A.B. asks: 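Take a look at this one; I'll ask things after.
As a basis for the values below, the full set of heavy atoms in this structure was taken, side chains included, without hydrogen atoms, waters or symmetry mates. Every value quoted in this text rests on a predicted model; they were computed, and no experiment measured them.
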Amino acid sequence: MYGEQGNKLVIDAKRIHNLPHLPPYATTTVRAVVKEVRELERDANALLAPYATGSSQASDGTQIKSSFNPADDPATACALMVNHLSMRRNKRCLLAYHKTRTDKLEEMCWAGIDVTEIQQSNLGQSSQASGAGGAGQQQNAAGAAATSSLSAEEEQYVHQYSNLLAALKGQWTDVDLAGSLEPPRDIFIDVRVLRDAGEIQTEYGSITLTKNSQFYVRQGDVERLIQQGYLQRLS
């Protein structure tokens, strides 16, 4: 059925909004949608072939129309309309899927998250989730040996976007452009270390962040580590 593969991409894009990381790129589904668009275009061209310009008279002397009039052939007009709407919908599904993924990647870059590290650590979990949901089951086998759930184009996009973001932040060294827009309610907070982060320098000296340890620190000193998932704020 036309649009079935594109609908899978829309479902996948909707699911991405509720995930902390990106599931594996739906290579198989994307290729299927692109193939369907090309097949629909070939069908449309085949329907319009008898009306192509350049030949006004057939070999038997009958006149061939140089333009298509929907009123003269409603069946052909209906088929062309279905093909056109199907192609347009598939393209919109492709754009929505890729826009959702790029928005998620840009959000991670602004939060200071190492996208490559996060995607590699969550590759196994995301593959199981997409297999259980049924949306990415076809591409799990193909991406089992991959080291990242991003496509090659997405990895290149993240690299170039991070460079642009670093250059932008370099022009405003006195302002943390990636900081939270909400003013802090407490100057000092309790945090628990979720992952070893080594030694960091704070306004009141250096502290060593080891897993499962707890600290009472100034929020401004550890806010970026909380965003990156190294620390957890305790209520």
Side-chain angles (χ1 to χ4, degrees), residues 1-19 22-60 62-106 119 123 126-158 160-161:
M1 181 181 294
Y2 291 153
E4 183 177 357
Q5 296 298 324
N7 187 56
K8 292 182 180 180
L9 292 181
V10 174
I11 295 175
D12 227 13
K14 184 177 181 180
R15 186 166 56 91
I16 289 174
H17 284 290
N18 301 322
L19 293 177
L22 285 175
Y25 182 77
T27 304
T28 304
T29 307
V30 169
R31 289 178 178 175
V33 175
V34 173
K35 180 181 178 182
E36 184 177 300
V37 171
R38 291 174 178 173
E39 291 176 350
L40 289 169
E41 184 180 11
R42 284 197 299 266
D43 293 343
N45 291 335
L47 291 172
L48 292 174
Y51 304 92
T53 58
S55 58
S56 59
Q57 190 173 6
S59 57
D60 57 356
T62 58
Q63 193 74 15
I64 299 179
K65 297 180 181 180
S66 59
S67 62
F68 175 68
N69 185 4
D72 296 338
D73 194 349
T76 302
C78 180
L80 289 173
M81 179 62 70
V82 172
N83 285 4
H84 173 74
L85 293 178
S86 298
M87 284 190 290
R88 185 174 179 179
R89 184 182 184 278
N90 279 342
K91 291 179 181 180
R92 289 177 63 87
C93 292
L94 285 170
L95 291 174
Y97 176 74
H98 289 92
K99 183 63 166 60
T100 302
R101 290 182 67 91
T102 53
D103 286 347
K104 198 77 172 181
L105 292 174
E106 292 175 4
Q119 294 307 121
L123 178 61
S126 59
S127 299
Q128 294 175 1
S130 57
Q137 190 172 2
Q138 296 178 348
Q139 63 269 18
N140 284 343
T147 57
S148 175
S149 61
L150 305 181
S151 65
E153 292 76 11
E154 287 176 333
E155 291 182 353
Q156 183 180 5
Y157 178 80
V158 168
Q160 295 179 354
Y161 188 85

A.B. asks: Closest heavy-atom contact between Leu80 and Ala44?
C.D. replies: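 Taking every non-hydrogen atom into account, CD2-O, 3.8 Å.
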
A.B. asks: State whether the side chain of Asp12 and the backbone N or O of Lys8 hold a donor-acceptor pair below 3.5 Å, judged by distance alone.
C.D. replies: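 Not a single qualifying donor-acceptor pair exists.
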
A.B. asks: If I compare all heavy atoms of Tyr97 with all of Leu9, which pair ends up nearest, and what's the gap?
C.D. replies: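 Shortest heavy-atom contact: CD1-O, 3.5 Å.
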
A.B. asks: Looking at every heavy atom in both Ile16 and Pro23, which two are closest together, and how far apart are they?
C.D. replies: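 The pair with the smallest heavy-atom distance is CG1-CD, 3.8 Å.
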
A.B. asks: When rounded to the nearest 0.5 angstrom, what distance separates NE2 in His84 from CG in Leu40?
C.D. replies: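 Spacing of NE2 (His84) from CG (Leu40) equals 11.5 Å.
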
A.B. asks: Do Leu150 and Tyr157 make a side-chain contact, defined as non-hydrogen atoms from C-beta onward lying under 4.5 Å apart?
C.D. replies: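 Counting from C-beta outward, Leu150 and Tyr157 never come under 4.5 Å.
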
A.B. asks: Please answer whether the main-chain N or O of Leu19 pairs with a side-chain N or O of Lys104 as donor and acceptor at a distance below 3.5 Å.
C.D. replies: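 Yes, the answer is positive, given that a donor and an acceptor are paired below the 3.5 Å cut-off.
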
A.B. asks: Where do Gln5 and Asn90 land on the side-chain contact (heavy atoms from CB on, under 4.5 Å) test, with the steps shown first?
C.D. replies: CA-CA 8 Å; Gln5 296 298 324; Asn90 279 342; over 6 Å; no

A.B. asks: If I take atom CZ from residue Arg101 and atom CD from residue Glu153, how far apart are they, to the nearest 0.5 angstrom?
C.D. replies: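 It comes to 11.0 Å.
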
A.B. asks: Which atom pair, heavy atoms only, marks the closest approach of Val37 to Met87?
C.D. replies: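 For Val37 and Met87, the tightest heavy-atom pair comes out as O-SD, 3.7 Å.
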
A.B. asks: What is the distance from atom CG of Asn69 to atom OG1 of Thr76, rounded to the nearest 0.5 Å?
C.D. replies: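 Spacing of CG (Asn69) from OG1 (Thr76) equals 11.5 Å.
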
A.B. asks: How far does CG of Asn7 sit from OG1 of Thr29, to the nearest 0.5 angstrom?
C.D. replies: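 One gets 11.0 Å once the value is rounded to the nearest 0.5 Å.
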
A.B. asks: Can you see which heavy atom on Ala96 is nearest to which on Ala13, and at what distance?
C.D. replies: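 What the structure gives for the nearest pair is O-CB, 4.3 Å.
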
A.B. asks: To the nearest 0.5 Å, how far apart are CD in Glu39 and CG in Asp43?
C.D. replies: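 Nearest 0.5 Å value for the CD-CG distance: 7.5 Å.
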
A.B. asks: If we only count heavy atoms from C-beta on, is the Val34 to Arg38 side-chain gap below 4.5 Å?
C.D. replies: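 Val34 reaches Arg38 side chain to side chain.
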
A.B. asks: Once you round to the nearest 0.5 Å, how far does CZ of Arg15 lie from CG of Leu22?
C.D. replies: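 Between atom CZ of Arg15 and atom CG of Leu22 there are 10.5 Å.
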
